[in-house]
A.B. asks: 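Have a look at the structure that comes next, please.
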Amino acid sequence: MPNIETTAQSNFITDIIDSHNQNGRFAGRVHTRFPPEPNGYLHIGHAKSIMLNYGMAQQYGGKFNLRFDDTNPTKEEQEYIDAITEDVRWLGADWEDRLFHASDYFQQLYDWAVQLIKQGQAYVCDLSAEEVREHRGTLTEPGRPSPYRDRPVEENLDLFERMKAGDYADGSRTLRARIDMAAPNLNLRDPVMYRILHAEHPRTGGAWCIYPTYDWAHGQSDSIEGITHSICTLEFEDHRPLYDWYIQALGIHAPQQIEFARLALTYTLMSKRRLLKLVNEGIVSGWNDPRMPTLSGLRRRGVTPQALRDFTERIGVAKNNSVVDLALLEYSIRQDLNQHALRVMGVLDPLKVTLVNYPEDQVDWLDAVNNPEDPTAGTRQVPFSRELWIEQDDFREVPPPKYFRLTPGREVRLRYGYYIKCVDVVKDADGKVVELLCTYDPETRGGNAPDGRKVKSTIHWLSAAHALPAEARLYDRLFLTENPDDVPEGGNWMDNLNPHSLEVRPCYVEPSVADAPPGSRYQFERLAYFCVDPDSTPDKRVFNRTVALKDEWAKVQSRQ
RNA sequence: UCGGGGAUCGUCUAAUGGCAGGACAGGGGACUUUGAAUCCUCUAAUCAUGGUUCGAAUCCAUGUCCCCGAGCCA
């Protein structure tokens, strides 16, 4: 497994860990974990959590566990367990031999529940779900005790054992902690510890028909694993007193829970429920659609774990609710790909160029640099001939101000090729430019003029006879608005879906990419970064646009 | 309304009583065989009002606004 490098972070979490290390609370130990529920795919918000947990363990020479919080068999599936495992591994967070499941602790949890019953701190409650809700009170009014709250210990023990034995129907009884029905923190108003669920569990099968609630299982799972710092999101802040209560009642190792603000991104949805809806309604092709913020989607899109690590370090961590600009993610993706992606030439919107003074059947193989940022990437040869493709965008019959590219009578450089000059324009019956007639200067092979004359721009090109046809999938943000929930009265987030989030179009690429396997990442020079899609075949190569290059010309144009 | 959190450039995040800093975004420039990358540069913030202090983003008081919480979900 590739260990990712993390740079030392300093934030409110390291402050807390530092103080623990000074006062000896955990004897200098740092042990974190990532505790996903296998009810969906991981997204970039989880990447923040994973990097945080794994990063803290790395930074302090501690340990990191992966644990599935699989306490609800009605929502969880093996497919998700497999996908999550793959995603965490891909990110590079190494759990070594510490892959656990809350279900590993079902027996221990049961025994501890019995202990609480014996201590008079838990009881079997016969109230229905609705009655429990009625007894709970409201945010401003205290709750009322359940009529079963003061059952004798022996009766509780007997009832609980029969719950486990399967004597009762789903929902007919629960085991509840006996805390304080008047607590202002609703989590302390006798929370449910066990519910009856005659459901098959992906790991324990039919062994259990009572399942611990998350609140009952989570803190003890951390305790069992010797977790020192339970890093989680803000919404669990007022569950912390409950977890601490359980731990104290049981007299077991007490981790420190630390809450941080989850990641939100502009133009992006992070809710698993809504992502599932996009999948189920066929709005995207699946959890790994390259437009999805899922780790599998980002991976298919061409984003690297290194880029995500860089991103999570840049956004930092705090307790403010915040929304990160998608442009920052794109920046991290570009800076990583710029260092590592091989350069090739591809033409998305071809315009034919014929070099009138170039011999009919001649082919010239020219040296091209694979990656100017990385000399060790070497060079390759690209074929050059009389008929070429260039980008429509790189020619204007009537150039706007500040336009540097090809126009009638103007000379430009073909990247790693020759200087060419446009001498004539061929149009169809509608007056549309369909072909350019150009001359090339044989003295400028490789792209330099011996007489030292300069050109205003360098454009990319392909030898028409050698270009490989391919499919480009051009992705754009899934939503039109920064906040997908920003809708007028009566509308909903689905109204903000970007109808043009995917544009599929034929394109041409240079022959050097012919055998690139899925996952190969390239920069199509002057255009964007692309990644070979798993749908790619030798007959039809498919390229996903990861992210476009920054485009200064587009800015100039938009201001004109 | 009760409890728990939070408020610093457009965005994210530092400053832990002592020059409000960095990154992204935006503007300007240099360089350029990618209008990329790189480099330089500029714009731009302490929720409000009082108080304590030589000195307050930081401490105190009052207020305002935002988020989370009434699943047998996590």
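Reminder, nothing fancy here: chain letters follow the sequence lines and each chain counts from 1.
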A.B. asks: Using the C1' atom in both, what is the distance from rG55(B) to rC19(B), to the nearest Å?
C.D. replies: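 Going atom to atom, C1' in each nucleotide, I get 12 Å.
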A.B. asks: Mapping Glu235(A) and Thr140(A) to their closest nucleotides on RNA chain B, which lands nearer the 5' end?
C.D. replies: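 Looking at the nearest nucleotide for each, Thr140(A) comes out on the 5' side.
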A.B. asks: Please list, by residue number, the residues of residues 32-50 of chain A whose heavy atoms come closer than 4.0 Å to an atom of RNA chain B; answer none if no residue qualifies.
C.D. replies: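 Within residues 32-50 of chain A, the residues near RNA chain B are Glu37(A).
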A.B. asks: Check the side chains of Tyr123(A) and Asp190(A) for a donor-acceptor pair under 3.5 angstrom, ignoring hydrogens and angles.
C.D. replies: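 There is such a pair between these side chains.
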A.B. asks: Do any side-chain nitrogens or oxygens of Arg195(A) fall under 4.0 Å of OP1 or OP2 in rA74(B)?
C.D. replies: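 Answer yes for this pair, as a side-chain N or O of Arg195(A) is under 4.0 Å from OP1 or OP2.
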A.B. asks: Check the phosphate of rU13(B) against Asn320(A), side-chain N and O only, distance under 4.0 Å to OP1 or OP2. Yes or no?
C.D. replies: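 Yes, within the criterion.
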A.B. asks: Just need the stems in RNA chain B: three or more back-to-back Watson-Crick or G-U pairs, each with both distances under 3.5 angstrom, sorted by first number.
C.D. replies: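 When the pairs of RNA chain B are grouped into runs of at least three, the stems are B:2-7 with B:64-69, B:10-13 with B:21-24, B:26-30 with B:38-42, B:47-51 with B:59-63.
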A.B. asks: On a whole-Å scale, what distance lies between the P atoms belonging to rG27(B) and rA7(B)?
C.D. replies: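 Nearest-Å result for rG27(B) against rA7(B) at atom P: 31 Å.
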A.B. asks: According to a strict under-4.0 Å criterion, is Arg136(A) in side-chain N/O contact with OP1 or OP2 of rC72(B)?
C.D. replies: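 Yes.
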A.B. asks: Can you check whether Arg559(A) has a side-chain N or O nearer than 4.0 Å to OP1 or OP2 of rG28(B)?
C.D. replies: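 Checking Arg559(A) against rG28(B): at least one side-chain N or O falls below 4.0 Å of OP1 or OP2.
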A.B. asks: Tell me the interatomic distance from Leu328(A), atom CG, to rG22(B), atom P, rounded to whole angstroms.
C.D. replies: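 Going from CG in Leu328(A) over to P in rG22(B) covers 17 Å.
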A.B. asks: What does Arg273(A) touch in the nucleic acid at a heavy-atom separation under 4.0 angstrom: a base, only the sugar-phosphate, or nothing?
C.D. replies: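 Here Arg273(A) touches no strand at all.
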A.B. asks: When only distance counts, do a donor and an acceptor, one from the side chain of Gln523(A) and one from the base of rU34(B), lie under 3.5 Å apart?
C.D. replies: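 Counting by modelled atom types and ignoring angles, a donor-acceptor contact under 3.5 Å is found here.
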A.B. asks: Report, one pair per line, the protein and nucleotides 39-41 of chain B atoms (nitrogen or oxygen only) whose separation is under 3.5 Å.
C.D. replies:
none

A.B. asks: Cation over ring, Arg545(A) on Phe530(A), under 6.0 Å and within 45°?
C.D. replies: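 That pair does not qualify as a cation-pi contact.
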A.B. asks: Please check the phosphate of rC24(B) (OP1 and OP2 only) for any side-chain N or O of Tyr331(A) closer than 4.0 Å.
C.D. replies: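 So the side-chain polar atoms of Tyr331(A) do come within 4.0 Å of the phosphate oxygens OP1 or OP2 of rC24(B), strictly under.
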A.B. asks: Syn if the chi torsion is within 90° of 0, anti otherwise; quick check, which is rG5(B)?
C.D. replies: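 Anti, which is what one calls it when the glycosidic angle falls more than 90° from 0.
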A.B. asks: Where do Leu275(A) and Met270(A) come nearest, in terms of heavy atoms and distance?
C.D. replies: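 Heavy atoms only, the tightest pair is CD1-O, 4.2 Å.
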A.B. asks: Does Arg189(A) have a side-chain nitrogen or oxygen under 4.0 Å from the phosphate oxygens OP1 or OP2 of rA70(B)?
C.D. replies: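 For rA70(B), neither OP1 nor OP2 has a side-chain N or O of Arg189(A) closer than 4.0 Å.
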A.B. asks: Is any side-chain nitrogen or oxygen of Lys555(A) closer than 4.0 Å to OP1 or OP2 of rG27(B)?
C.D. replies: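 It does, given that an N or O in the side chain of Lys555(A) lies less than 4.0 Å from OP1 or OP2 of rG27(B).
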A.B. asks: Rounded to whole Å, please give me the gap between CG in Asp15(A) and P in rU13(B).
C.D. replies: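 It is 15 Å, rounded to the nearest whole Å.
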A.B. asks: If only side-chain N and O atoms of Thr71(A) are considered, is one of them under 4.0 Å from the OP1 or OP2 phosphate oxygen of rC73(B)?
C.D. replies: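 No, no such contact exists.
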A.B. asks: In terms of side-chain geometry, is the basic nitrogen of Arg380(A) or Asp367(A) positioned less than 4.0 Å from the acidic oxygen of its partner?
C.D. replies: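 So Arg380(A) does not pair with Asp367(A) through a salt bridge.
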A.B. asks: Looking at Tyr110(A), is Lys164(A) sitting on its ring face, NZ or CZ under 6.0 Å from the six-membered ring centre and within 45 degrees of the normal?
C.D. replies: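 The answer is yes, since Lys164(A) meets both limits relative to Tyr110(A).
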A.B. asks: When you check the phosphate oxygens OP1 and OP2 of rC67(B), does a side-chain N or O of Arg262(A) lie under 4.0 Å from one of them?
C.D. replies: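 For Arg262(A), the contact criterion (side-chain N or O under 4.0 Å from OP1 or OP2 of rC67(B)) is not met.
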